[in-house]
Amino acid sequence: MLERWTAVDEFMEEAFIGDDPVMEEILTHSHEGGLPDISVSPNQGKMLWMMATLIGAKRILEVGTLGGYSTTWLARALPEDGKLITLEYSRVHHKVASENIARAGFADKVDARCGAGADLMQQMVAEAEEPFDLIFIDADKDGYADYFKLGLELSHPGTLIIADNVIFNGDILDEDKPWAHLEGIRKFLAAASAETRVESVPLSVVDRKGWDGFLFIRVRD
Ligand code: SAH
Ligand code: DHB
Ligand code: MG
């Protein structure tokens, strides 16, 4: 089915995104820099932009920058005085992302930080960083439960937390597959499900990347 899913995904991209040289350049430069091809797809990137726009997000936090592709989609939703902080562990990814973000024209709005996501978030909590309106979790899957917990401390009522890769082709149900990333996603889903301060809903996606999805989590009023 992947071929069919890819064809439909590309058809929709063509219809609703069309030519987007800035985004295409980010993917090309990331590829040339040797980064893995694991950014969100174009339609998913636009979905992130749509969500940030709908909630009028002024302050966005992202965990897992890679080449800055999802970062740039999210940054496009920011108002003039908006700000996005993005966290990346790999120095190489952080460097490529910083170049991409600058070339896309978002150097002033985006603060790309290099370090372990949990440490950098802990630091923000300790420094009483102003809460975020939207938090996008897309770094190492074993860290998701921690990013969720720390994300709650950096939230306000109504904050939207979006987590990528919560389905992994359905593998999250296979407890006999002992992979750390699946275990990490399961632990995160259990934590979100048990958390009474939030309301959550998954969105299953089939596209050129296979079958995966987002979890949307809204912090209760
Ligand atoms: N959000 C990006 C894709 C992120 S891929 C996009 O859609 O364009 C996941 C990224 O998380 C990788 O770049 C990886 O280096 C980074 N990562 C892995 N472990 C991390 C950690 N502990 N803290 C922060 N980032 C981490
Ligand atoms: C991987 C990570 C991602 O965030 C993603 O969207 C797809 C794949 C990975 O580590 O393989
Ligand atoms: Mg992802």
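In listed order, ligands and their atoms are each counted from 1.
- The neighbour count for D37 CG, taken as heavy atoms of other residues, nucleotides or ligands under 6.0 Å away, does not exceed 12.
- Rounding to the nearest 0.5 angstrom, the gap separating the CG atom in L160 from the CD1 atom in I135 is 9.5 Å.
- In terms of polar-atom proximity, G68 is not counted as a contact of ligand 1, lacking any N or O under 3.5 Å from an N or O of the ligand.
- Taking the six-membered ring where tryptophan is involved, the planes of H181 and F168 are tilted, since the angle between them lies from 30° to 60°.
- Distance CG/D171 to NZ/K177: 3.5 Å, rounded to 0.5 Å.
- Between K58 and E130 no salt bridge is recorded (no basic side-chain N to carboxylate O distance below 4.0 Å).
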TODO: Go through the steps for Y144 and D164 under the test side-chain hydrogen bond (donor to acceptor under 3.5 Å, both in side chains), then give the verdict.
DONE: CA-CA 10 Å; Y144 268 39; D164 191 26; 5.4 Å; no

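- For the residue pair N100/T72, the side-chain donor-acceptor check at 3.5 Å is not satisfied.
- Ligand 1 has Y147 within reach: a non-hydrogen atom of the residue lies less than 4.0 Å from it.
- Residue contacts with ligand 1: T65 is included, with a non-hydrogen atom under 4.0 Å away.
- The neighbour count for K109 NZ, taken as heavy atoms of other residues, nucleotides or ligands under 6.0 Å away, is above 12.
- Atom 25 (N) of ligand 1 has its closest protein heavy atom at Y89 N, 3.2 Å.
- The side chain of D164, and not its backbone, has at least one atom closer than 4.0 Å to an atom of ligand 2 (non-hydrogen atoms only; side chain from C-beta on).
- Among protein heavy atoms, the minimum distance from atom 23 (N) of ligand 1 is reached at G117 N, 2.8 Å.
- Listed for the D9 side chain is a donor-acceptor partner under 3.5 Å among the backbone atoms of R208.
- Ranking protein heavy atoms by distance to atom 3 (C) of ligand 2, first place goes to N165 OD1, 3.2 Å.
- Assignment of A116 to the shell around ligand 1 is supported, since a heavy atom sits closer than 4.0 Å.
- Nearest to atom 6 (C) of ligand 1 among the protein's heavy atoms is S70 OG, 3.0 Å.
- Nearest protein heavy-atom neighbour of atom 14 (C) of ligand 1: E88 OE2, 3.4 Å.
- Ligand-side atoms of ligand 2 in range of K141: 2 (C), 3 (C), 4 (O), range being under 4.0 angstrom from any heavy atom.
- In terms of protein heavy-atom proximity, atom 11 (O) of ligand 1 is closest to A139 CA, 3.4 Å.
- Not a single N/O/S atom of S39, whether from backbone or side chain, sits less than 2.8 Å from the Mg ion (ligand 3).
- Taking the Mg ion (ligand 3) as reference, D138 places its N/O/S atom OD1 nearest.
- The pair K187-D142 fails the salt-bridge criterion, with no side-chain N (NZ, NE, NH1 or NH2) lying under 4.0 Å from an Asp/Glu carboxylate O.
- Contact annotation for H181 and ligand 2: no heavy atom of the residue comes within less than 4.0 Å of the ligand.
- Contact of the I172 side chain with the V166 side chain is not registered, since no non-hydrogen atoms from C-beta on lie closer than 4.5 Å.
- When only non-hydrogen protein atoms are considered, atom 9 (C) of ligand 1 lies nearest to D138 O, 3.1 Å.
- Here the CG-OG1 distance, from L152 to T159, works out to 9.0 Å after rounding to the nearest 0.5 Å.
- Shortest contact from atom 20 (C) of ligand 1 to any protein heavy atom: D140 OD1, 3.2 Å.
- Near S39, meaning under 4.0 Å from any of its heavy atoms, are these atoms of ligand 1: 6 (C), 7 (O), 8 (O).
- At least one N or O atom of V40 sits closer than 3.5 Å to an N or O atom of ligand 1.
- Note on D164: its N/O/S atom closest to the Mg ion (ligand 3) is OD2.
- Side-chain contact check for D119 and Y89: no donor-acceptor pair (N or O, by modelled atom type) lies under 3.5 Å.
- Distances shorter than 4.0 angstrom do not occur between any heavy atom of V63 and any atom of ligand 1.
- In terms of protein heavy-atom proximity, atom 11 (O) of ligand 2 is closest to I38 CG2, 4.2 Å.
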